[in-house]
Structure formats: structure tokens, C-alpha cells
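It should be emphasised that the depicted structure is a prediction, and the values quoted were computed from it without experimental measurement.
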Amino acid sequence: MEITHNLGKLADFSHRLQQAIIKKAEVHTIVECLKSFTSYTSLYLSITEASLCIPAEGEPGAGEELLREAEALVDRQPPTGRKPTRLTLPSGTVVVLQPVLGLGHVLSYIGLAAQASAMTEEDSLYIDLLLDYAGRTAEQLLLRKLVLDDRMSEGHATLVHGILFGDIPHEDQMLAQIGLPSLSTGHYLFVSGTVILDRSGQREESFSAKGPNQDILMLLRSLLSTHGIYNLLLLHNNVIHLLCIRETFGNRQAQWEKVKQSLRKVTELLMKSSRLRPEESLRIHAGFGHVKSSLREAAQSYREALDAVAITRMLEEKPSGSAFYEDMGIYQMLKSIGDTDQLIRFVQNHLGPLLAYEQSGGLALVHTLDHYLSCMGSKQETAERLFIHRQTLYHRLDKLDELLGPDYLRPERRLCLEIAIRAYDLVKDEMKAERAI
């Protein structure tokens, strides 16, 4: 009898949801309709749209805290495909979430939440079926939105190429072509970037990345728009070239910091969205140049973005992530030196004895010296950073004195050593290749 009743409610839910979507094709409509068919709190967690929560009767104001708790737990969950996920929040609330897929990625979740005692086993199958239908409807709306956004941006490829590669005869005319109005007050901020989709670990030789890369392009466009950044994107092979634009009326530096935060968040979400395709071994590297106040300067920002992502990949500090050119420090200058042989000679002149010692099987003295200098000569802090006993550190410092001479902490000498260590980060692969010949 219960099963028959629930099947009847599901048929009624399907009919009413279709009617509601025809009137207003938004995810909020689905969540509201879902809430009207249960006594539970309904919610929607998304990386491409604003998350929302409609509390159950008698629980006003509980929505924001529930969303925060649910989002924190979801981030730590392994991939589940289309299967619903059941989570128990710190507050004791049980949340059942249905993944919403788009372009092969988990882009959001739609769910129901209630105290454990209120969510009976008899309701379990009904809830799963209800959420499955709601989730598939949300997928249709999401895919439609992404495809429409992509079609609207199809004509931007030529514009992006011209801007990023410095072909701007008339800036005002180019702004008009982009669709940006002239501002009587305030101004635009422009920052260029590049996103590299590294599938070097792909096993299948016949694998074509064209489709998946186009999916990521569409997703990136949606994420940038969601975070308030107007964008022009161009996909070429495994690289996405991008121009980000933000209108601002306040302090330029303060606005730029907000844009940087948004770009970091977008890159993070882009990587998290790939949780459904772990077999692809996709690694995402993103780099961004300096913010500019003129569209003509976007090409310079783009060259800086290329340097930023190249430096990050050389250092291998972060296998995936975003990097900003202005945060590269001394690496900006070192990367601008086009003569790699000159950098190698500089490294050899200042670190040669240490590298020769390490090559012969000795201690990792370059690493030790790097930490010792960054700790301003504090032996205790250096030992703690290296996770070694202080007596072991004393032995290494004696070896540094022997190989470099006792004057290596003089300001001029120390500066050269610090620069040589940073330069070695960039050319060590070339130096190792030379020794292997």
C-alpha cells in the first residue's frame, strides 16, 4: 500500500515539475517543487551557480549553516558517479545528495536533509527516486545553459587572438566588438591567463582530448561568469587562452585582490569538478599575468601569464593549481633571461662546489643552504625545517664553510648564492641532462 502511494506521488511530482519548468526554467524551481513533496529541507550545492536551501517548516534561518556543513563534507567525499550520497553533518542532520552531472563532471548536488529520526527506512527508496528525477531535470537545465553560453561566445575566438597577440588597431572599437560599453565613471581591469590541460598520463593512445577539452572550456566559462568575471576564451589543442575583464569603481589594488581570489577559486573548482573522471589523469596548470587598465596591455599580461605557468611547472611545487606573475619574485627576472647557458654558468660559479659534492654522493647541501639563508642564519629554526638534529646541522654547516669559504654570509656573496639557488630551480633539468651526456 505504501509503495503504491509513493509511486503515485512520484508520478504527481514528475507532472508538476514539468509544468513548473515550462513556466520558469531555473534550478530554484526544481528545489521548490522538491520541497513541496516532502516534509524535509531541500537544498542545492553548485560550483556554477549560487547554492540555495529551502528549510523545512519550523526551521527558519537554518539554511546557511546547513549549506556550509554540507559543502565542507562533500569536498572530502570520493567520486560516486550518479549514485546518491548520504552524509551525517556535525549537527546530527542526515543529508541525501544526488549528483548533478554536466559535461562528464559533477557540477552540483540536489538533496534533502532532516534529523536522522525523521528520515525513516520506508522513505529511503522514495527519496532516492525523487532525487534521481530532480537531478536529471537539473542536468537538462544545466547543460542547456552551458551550451547556450558556448554558442553566444563562438564569435569571440578571432577577438581573443587579436587581443592576446597584440593586434589592436583601435581600442574603443575593440571594446565595442567585445560588447563592453564606454564608462563615464569607473574603469575596466584586464588580466590575461593561460590554462594548460595536461593529459601526459593518458594510457590510451587513441584517446582524443578534443571533446573533453571543449567541455572544460565551457565549464571554465561558466565558472568565471558565476564569479562575476567577464571572459573571452580561446581553446587551441590542450591550452585555453583567456582574457578576464572586471568593471571597477573603487581602489584598483583592492579590486585586483578580489579578482585574484575569484581566479584562485575558479581554478580550484575546475580541478574538483573532474572527480568523475579520475582515469584521465588530468592535471590543470593555470597562470595569470599582471592586471592592466588598458586593453592594449592585455598582450603583455598574456606573456607574463605564460612565464608564470612555465615557472610553476619547472618548480613542480604544485602539481596542479594557479600562479600569478606578480607573486613570482626573483623568478620574474631569471625567466626573462633568454640565455639558459648564461644562467647555468652563473649557477656553476656560485654553487659549483656544492653540486659537485652532491653528485659524488655527498649531503644535500644546496637544500640545507637554501633553508639556512631563508631562516636568517637561525640554526634552531633551520634544523626544525629540515627535520634534523642540531648536531647534524652543525656538521653540514662545517661542510658549507669548507666548500664555499667562511665568508659566504657576507651581503654581496649571500645575495649571489640566493639568486643562484633560485636560478638552479629553473635550469637543473638542463644541467642534469648535460652531465648525463
Is there side-chain contact between His227 and Lys265, with at least one heavy-atom pair below 4.5 Å? yes

Between His285 and the options Val309, Thr267, Thr312, the side chain to side chain contact (heavy atoms under 4.5 Å, CB included) test singles out Val309

Rounded to the nearest 0.5 Å, the NZ atom of Lys335 sits from the CD1 atom of Ile311 at a distance of 6.5 Å

Derivation and outcome, side chain to side chain contact (heavy atoms under 4.5 Å, CB included), residues Leu97 and Leu43: CA-CA 9 Å; Leu97 296 172; Leu43 62 156; 4.3 Å; yes

State, to 0.1 Å, how close Thr194 and Leu242 come at their nearest heavy-atom pair, and which atoms those are. N-CD2, 3.6 Å

Shortest non-hydrogen contact between Gly111 and Leu34, atoms and distance: O-CD2, 4.0 Å

State whether the side chain of Ser14 and the backbone N or O of Leu10 hold a donor-acceptor pair below 3.5 Å, judged by distance alone. no

Just by distance, do the side chain of Asn213 and the backbone of Asn237 share a donor-acceptor pair under 3.5 Å? yes

Does any non-hydrogen side-chain atom of His241 lie less than 4.5 Å from one of Leu233? no

Can you name the residues that form a side-chain hydrogen bond (donor to acceptor under 3.5 Å, both in side chains) with Thr340, not counting sequence neighbours? none

Interatomic distance, CG@Asp307 vs OG@Ser336, rounded to 0.5 Å, equals 8.0 Å

Beyond-backbone contact of Tyr44 with Ile30, side-chain heavy atoms, under 4.5 angstrom: no

Residues in salt bridge (Lys or Arg N to Asp or Glu O under 4.0 Å) with Glu326, at least two apart? Lys260

Short side-chain to backbone donor-acceptor contact, Ser301 and Val291, under 3.5 Å: no

Output yes when Glu139 and Arg136 qualify as a salt bridge under the 4.0 Å nitrogen-oxygen rule, no when they do not. no

How long is the straight-line distance from CG of Leu269 back to CD1 of Ile47, given to the nearest 0.5 Å? 5.0 Å

Pair Arg86 + Asp128: basic N to acidic O under 4.0 Å: yes

Do Ser222 side-chain atoms and Met218 backbone N/O form a donor-acceptor pair below 3.5 Å? no

Rounded to the nearest 0.5 Å, what separation is found between the CD atom of Gln300 and the OG atom of Ser294? 12.0 Å

For the CD1 atom of Ile245 and the CG atom of Leu232, what is their distance to the nearest 0.5 Å? 5.0 Å

Heavy-atom pair of closest approach, residues Leu393 and Lys379: CD2-O, 3.2 Å

Any heavy-atom pair between the side chains of His187 and Thr248 that's under 4.5 Å? yes

Would you say that Arg264 contacts Glu268 through its side chain, given a criterion of any heavy-atom pair below 4.5 Å between the two side chains? no

Distance from Lys258 atom NZ to Leu189 atom CG, nearest 0.5 Å? 11.5 Å

When you check the side-chain N and O atoms of Gln261 and Glu257, is any donor under 3.5 Å from an acceptor? no

Would Gln177 and Gln173 count as a side-chain hydrogen bond (donor to acceptor under 3.5 Å, both in side chains) if you check the C-alpha gap in whole Å, the side-chain angles of each, and the deciding distance to 0.1 Å? CA-CA 6 Å; Gln177 283 184 278; Gln173 183 180 356; 4.7 Å; no

Do other residues, nucleotides or ligands put more than 12 heavy atoms under 6.0 Å from the NE2 atom of His395? no

Closest heavy-atom contact between Ala305 and Ser192? CB-O, 3.7 Å

Is the NZ atom of Lys145 crowded by more than 12 outside heavy atoms at less than 6.0 Å? yes

I need the minimum non-hydrogen distance between Gln253 and Asn251, along with the two atoms involved. N-OD1, 3.0 Å

So which atom in Ile229 and which in Ser262 form the shortest heavy-atom distance, rounded to 0.1 Å? CD1-CB, 3.8 Å

For side chain to side chain contact (heavy atoms under 4.5 Å, CB included), just list the numbers for Tyr230 and Ile178, CA-CA rounded to whole Å, side-chain angles, deciding distance to a tenth of an Å, and then say yes or no. CA-CA 10 Å; Tyr230 187 85; Ile178 294 173; 3.5 Å; yes

Under the 3.5 angstrom rule, does the side chain of Arg246 hit a backbone N or O of Gly228 as a donor-acceptor pair? yes

When the ring planes of His367 and His371 are compared, do they come out parallel, tilted or perpendicular, using 30° and 60° as the limits? perpendicular

Give a yes or no answer on whether the side chain of His389 reaches the backbone of Gln391 with a donor-acceptor pair at less than 3.5 Å. yes

Trace of the side chain to side chain contact (heavy atoms under 4.5 Å, CB included) decision for Leu386 with Thr392: CA-CA 10 Å; Leu386 293 171; Thr392 303; over 6 Å; no

With a 4.0 Å cut-off on N to O distance, would you call Asp12 and Lys9 a salt bridge? no

Decide yes or no for Phe37 and Arg16: does some side-chain heavy atom of the first lie under 4.5 Å from some side-chain heavy atom of the second? yes

Any side-chain heavy-atom pair from Ser91 and Glu65 closer than 4.5 angstrom? no

Looking at Glu32 and Lys24, is there a salt bridge between them, counting it only when a charged N and a carboxylate O are closer than 4.0 Å? no

Donor on one side chain, acceptor on other, Arg252 and Gln255, under 3.5 Å: no

Whether Ser108 side chain and Ser46 backbone form a donor-acceptor pair below 3.5 Å: no

Audit row: Ile196, Arg313, side chain to side chain contact (heavy atoms under 4.5 Å, CB included) steps and yes/no: CA-CA 10 Å; Ile196 298 177; Arg313 297 182 79 184; 3.4 Å; yes

Is it true that Glu71 and Ser51 share a donor-acceptor pair across their side chains at a distance under 3.5 Å? yes

Just wondering, do Asp425 and Met314 contact through their side chains at under 4.5 Å, heavy atoms? no

Are any side-chain N or O atoms of Thr29 and backbone N or O atoms of Ala25, one a donor and one an acceptor, separated by less than 3.5 Å? no

